[in-house]
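For reference, the structure is listed below as C-alpha cells.
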Amino acid sequence: MWIRSQNRKRLVNVGMLDICDTRIFVSELPGQIPKSGICVGKYESEERAIEVLDEIQENINVLEYDKVYKSRHEEMYAQGRYVYEMPER
C-alpha cells in the first residue's frame with residue numbers, strides 16, 4: 001500500500017507500520033523495523049495515532065477484498081484508495 005506523508009513531501013510503498021507515542025512510522029520492507037524508518041505522521045495523542053492506523057487498516061481490508069473480487073469476476077470496481085493520505089490532525 002502507498003502512503004503519502006502528513007507533510008505531503010513523501011510517497012512511500014509501505015511494508016510495515018508502527019506507532020511510537022504520537023507518531024506513525026513506516027518501513028518499505030516487511031522485515032525492517034519501522035521505528036528506524038520514515039515518520040509519516042504526528043498526532044496530538046497516541047489515541048489519535050491509533051485511530052489513523054485503524055483507518056489505514058480498513059483501507060487495506062477494502063483493497064484486499066477488491067483483489068479477491070477481481071479474481072472471481074471480470075469487472076472490478078475498486079472502492080479503496082490506492083494511496084492513503086495521512087490526515088493533518
Side-chain angles (χ1 to χ4, degrees):
M1 166 179 232
W2 289 89
I3 292 183
R4 187 167 189 173
S5 63
Q6 195 174 43
N7 66 8
R8 309 290 187 247
K9 293 182 180 181
R10 285 199 166 200
L11 190 61
V12 183
N13 191 2
V14 177
M16 281 183 77
L17 294 108
D18 194 16
I19 293 175
C20 183
D21 298 319
T22 60
R23 297 174 292 165
I24 297 177
F25 288 88
V26 300
S27 65
E28 295 181 278
L29 303 173
Q32 189 179 29
I33 300 170
K35 289 178 188 168
S36 64
I38 301 163
C39 179
V40 292
K42 183 176 180 183
Y43 298 95
E44 67 274 2
S45 67
E46 184 175 21
E47 291 78 21
R48 176 60 182 141
I50 290 171
E51 288 174 1
V52 172
L53 194 61
D54 290 343
E55 290 173 16
I56 293 169
Q57 177 183 344
E58 180 60 30
N59 197 60
I60 290 170
N61 289 341
V62 170
L63 292 173
E64 290 302 313
Y65 173 80
D66 286 348
K67 287 179 189 177
V68 171
Y69 181 82
K70 184 177 182 180
S71 69
R72 293 186 182 153
H73 300 87
E74 288 297 317
E75 296 180 30
M76 181 181 126
Y77 300 96
Q79 297 180 16
R81 294 177 288 177
Y82 290 98
V83 176
Y84 181 87
E85 293 190 25
M86 298 299 287
E88 289 185 33
R89 299 173 197 236

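Along the sequence shown, residues are numbered consecutively beginning with 1.
In plain terms, the two heavy atoms of Ala49 and Thr22 that are nearest each other are CB-O, 4.1 Å. Minimum heavy-atom separation, Tyr43 to Gln6: CE2-NE2, 3.3 Å. Heavy-atom minimum distance, Arg23 versus Cys39: CB-SG, 3.9 Å. Considering every non-hydrogen atom in both Phe25 and Cys20, the closest pair reads CE1-CB, 3.8 Å.
Distance alone, capped at 3.5 Å, places no donor-acceptor pair between the Tyr84 side chain and the Ile60 backbone. Although no hydrogens or angles enter the test, the distance criterion places a donor-acceptor pair under 3.5 Å between the side chain of Ser5 and the main chain of Arg10.
Partners of Arg48 under the salt bridge (Lys or Arg N to Asp or Glu O under 4.0 Å) rule, at least two apart in sequence or in another chain, are Glu51, Glu55. Glu46 pairs by the side chain to side chain contact (heavy atoms under 4.5 Å, CB included) definition with Ile19, Ile50, not counting sequence neighbours. Every residue two or more places apart in sequence or in another chain was checked for a side-chain hydrogen bond (donor to acceptor under 3.5 Å, both in side chains) with Ser27, and none qualifies. Under the rule for a side chain to side chain contact (heavy atoms under 4.5 Å, CB included), the partners of Arg4 that lie at least two apart in sequence or sit in another chain are Arg8, Leu11, Val83, Glu85. For Asn13, the side chain to side chain contact (heavy atoms under 4.5 Å, CB included) partners two or more places apart in sequence, or in a different chain, are Trp2.
Note: the hydrophobic cluster containing Val40 also contains Leu53 (ILVMFWY, side chain heavy atoms under 4.5 Å, direct or indirect links).
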For Ile24 and Val52, run side chain to side chain contact (heavy atoms under 4.5 Å, CB included): C-alpha distance rounded to whole Å, both residues' side-chain angles, the deciding distance at 0.1 Å, then the answer.
CA-CA 9 Å; Ile24 297 177; Val52 172; 3.8 Å; yes
Taking it one step at a time, do Val12 and Glu28 satisfy side chain to side chain contact (heavy atoms under 4.5 Å, CB included)?
CA-CA 7 Å; Val12 183; Glu28 295 181 278; 3.5 Å; yes
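Contact of the Ile56 side chain with the Met86 side chain is registered, since non-hydrogen atoms from C-beta on lie closer than 4.5 Å.
Rounding to the nearest 0.5 Å places CD1 of Ile38 at 11.0 Å from CG of Leu17.
The number of heavy atoms from other shown groups lying within 6.0 Å of CD (Glu88) does not exceed 12.
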